[in-house]
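In what follows, a structure is listed as structure tokens, so that the remarks can point back to it.
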Protein chains: 2
Amino acid sequence: MSLRATYVRAPDRRAQDLIDACARALARHGAGGVSVRTICADAGVSPGLLRHYFEGIDDLVAATYAHVGAAVADALDAAVAAAGPDPRARLAAYVNASFRPPIATQDLLSTWLAFWSLVKSDPAIAALHRDIYAGYRVALEALLLDAGMAAADVGQAAIAITALVDGLWLELSLDAGVFGAEEAAAIAARWLSVWLPE
Amino acid sequence: MSLRATYVRAPDRRAQDLIDACARALARHGAGGVSVRTICADAGVSPGLLRHYFEGIDDLVAATYAHVGAAVADALDAAVAAAGPDPRARLAAYVNASFRPPIATQDLLSTWLAFWSLVKSDPAIAALHRDIYAGYRVALEALLLDAGMAAADVGQAAIAITALVDGLWLELSLDAGVFGAEEAAAIAARWLSVWLPE
DNA sequence: CCCCTTGTTGCACAACTGTATAATCTTGTC
DNA sequence: GACAAGATTATACAGTTGTGCAACAAGGGG
């Protein structure tokens, strides 16, 4: 006479279920508000299952960062590809995509903020951050070069552009009512034109 | 026969001791790594004392944000005052001070990042953030106006400048090796000159 | 139907959390 | 010295945390 709940196996998608639930928890509660129990409840599984698919909750958070980071990179790449062959259009598309869905959504930006908050205290997140940001920087530098910028300038330009994008993400995430993604995109476009005049 | 530790009373500075210890903990461990025990150990007092001076740990974190926020505002004001009467010099000093001690230190920027990470999940921090950032924006807008910017433009300029400063703070905090405060200050000065040409 | 593999549940456990509070120590006043 | 106020210590407590794991249920194959 068992009172244990029935279930349907879905091993193919459990890890992703947990990653998605983790991203939602990070967005809603910040890094400090995630726990094995809240994530697993959201994913519709028992708390012990997390350990079957991940080493522990820290491993899950890292996997979530890797996943969201890849999704952002994919969205940026898709925007560049859709812009066609013109180097300047591709560059503008890269920057502009940061302020469009699927990137500029409250959920993703809030999740991103949670990852930032973990960089100083979690070595695995710090390593991921380094790799992910290096990837974005390499891509941005290549686009800047293709658009005609002198090689000596692309380093600082990439830093400056990345800083403004991150800052705008931060403000969009924290102060959703003060201004919107359209305005952010216009500000970023203006900054881009400073570094690469017509 | 008591084994209880001896102590010296210092009620005048206990609250501040706790605030300083809280700031250090936030900088070192992020928001998720602070606890009553770690803060009080750092402050050299017993864990129960926190509740004597603050409603609870959340109240202490909020008091720490108020304190650090006021320290930043004071540093910005001091830089403006030291710049003399010229409106453009005062504006430049305001922006530049963001990249000088006592603001652009690893500890303060890391503490700041921790506060950002709490805005979405802690209503008291959110309210403080709103007030603190409104204060900075009002001050910046006034300086922009004094420097000759059209009233219709100061809103967006303040947002744009704040976003870049925050973004640079974030990068300085997370990637201390990639570039430094001098470079950040130069980038910010360039952005300022975009919004207020000579 | 039976058997086996494995995905999953539910919970035990040690450790940690914030809060509350009794007891005690310090120190200023008389 | 005696006493009182209050600063402080140390710890109890209920609740939560991540991890580990026994037990069981699902489902595929024979």
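Protein chains get the first letters and strands the later ones, always in sequence-line order, with residue 1 at the start of each.
- As a whole-Å value, the separation of Asp12(B) CG from dT27(C) C1' is 13 Å.
- Of all heavy-atom pairs between Leu196(B) and Arg88(B), the closest is O-NH1, 3.4 Å.
- In this view, Thr162(A) satisfies the side-chain hydrogen bond (donor to acceptor under 3.5 Å, both in side chains) rule with no residue, not counting sequence neighbours.
- Here the side chain of Ser35(A) is nearest to one of dT17(C), dT17(D), dG10(C), namely dT17(D).
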Please tabulate the protein-to-nucleotide N/O contacts below 3.5 Å involving nucleotides 6-8 of chain C, giving atom names and distances.
unit_1 : atom_1 : unit_2   : atom_2 : d
dT6(C) : O2     : Arg9(A)  : NH2    : 2.7
dG7(C) : OP2    : His52(A) : NE2    : 3.2
dG7(C) : N2     : Tyr7(A)  : OH     : 2.3
dG7(C) : N3     : Tyr7(A)  : OH     : 3.3
dT8(C) : OP1    : Ala10(A) : N      : 2.7
dT8(C) : OP1    : Arg14(A) : NE     : 3.0
dT8(C) : OP1    : Arg14(A) : NH2    : 3.3
dT8(C) : OP2    : Tyr53(A) : OH     : 2.4
dT8(C) : O2     : Arg4(A)  : NH2    : 2.9

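- The distance from atom CG of Asp59(B) to atom P of dG18(C) is 14 Å, rounded to the nearest whole Å.
- Rounded to a whole Å, the CG atom of Leu18(B) is 12 Å from the C1' atom of dT8(D).
- One can place CG of Leu50(A) at 8 Å from P of dT19(D), the figure rounded to the nearest angstrom.
- Taking atom CG on Leu60(A) and atom P on dG18(D), their separation rounds to 11 Å, with Å as the unit.
- For the ring-ring contact (aromatic ring centres under 6.0 Å, His included) condition, no pair includes a residue of residues 16-49 of chain B, sequence neighbours left out.
- Heavy-atom nearest nucleotides on DNA chain C were determined for Pro47(A) and for Ile57(B), and the one closer to the 5' end corresponds to Pro47(A).
- Backbone-only contact: Gly56(A) has heavy atoms under 4.0 Å from sugar-phosphate atoms and none from a base.
- Taking all atoms of both residues into account, the shortest heavy-atom contact from Ala114(B) to Ser117(B) is O-OG, 2.6 Å.
- Using the six-membered ring where Trp is involved, Tyr133(B) and His129(B) have ring planes that are tilted, between 30° and 60° apart.
- As rounded to whole Å, 12 Å separates atom P of dC11(C) from atom CZ of Arg37(A).
- Here the P atom of nucleotide dC16(C) and the NE2 atom of His29(B) are 14 Å apart, to the nearest Å.
- Between Tyr65(A) and Trp112(A), the gap from one ring centroid to the other is short of 6.0 Å.
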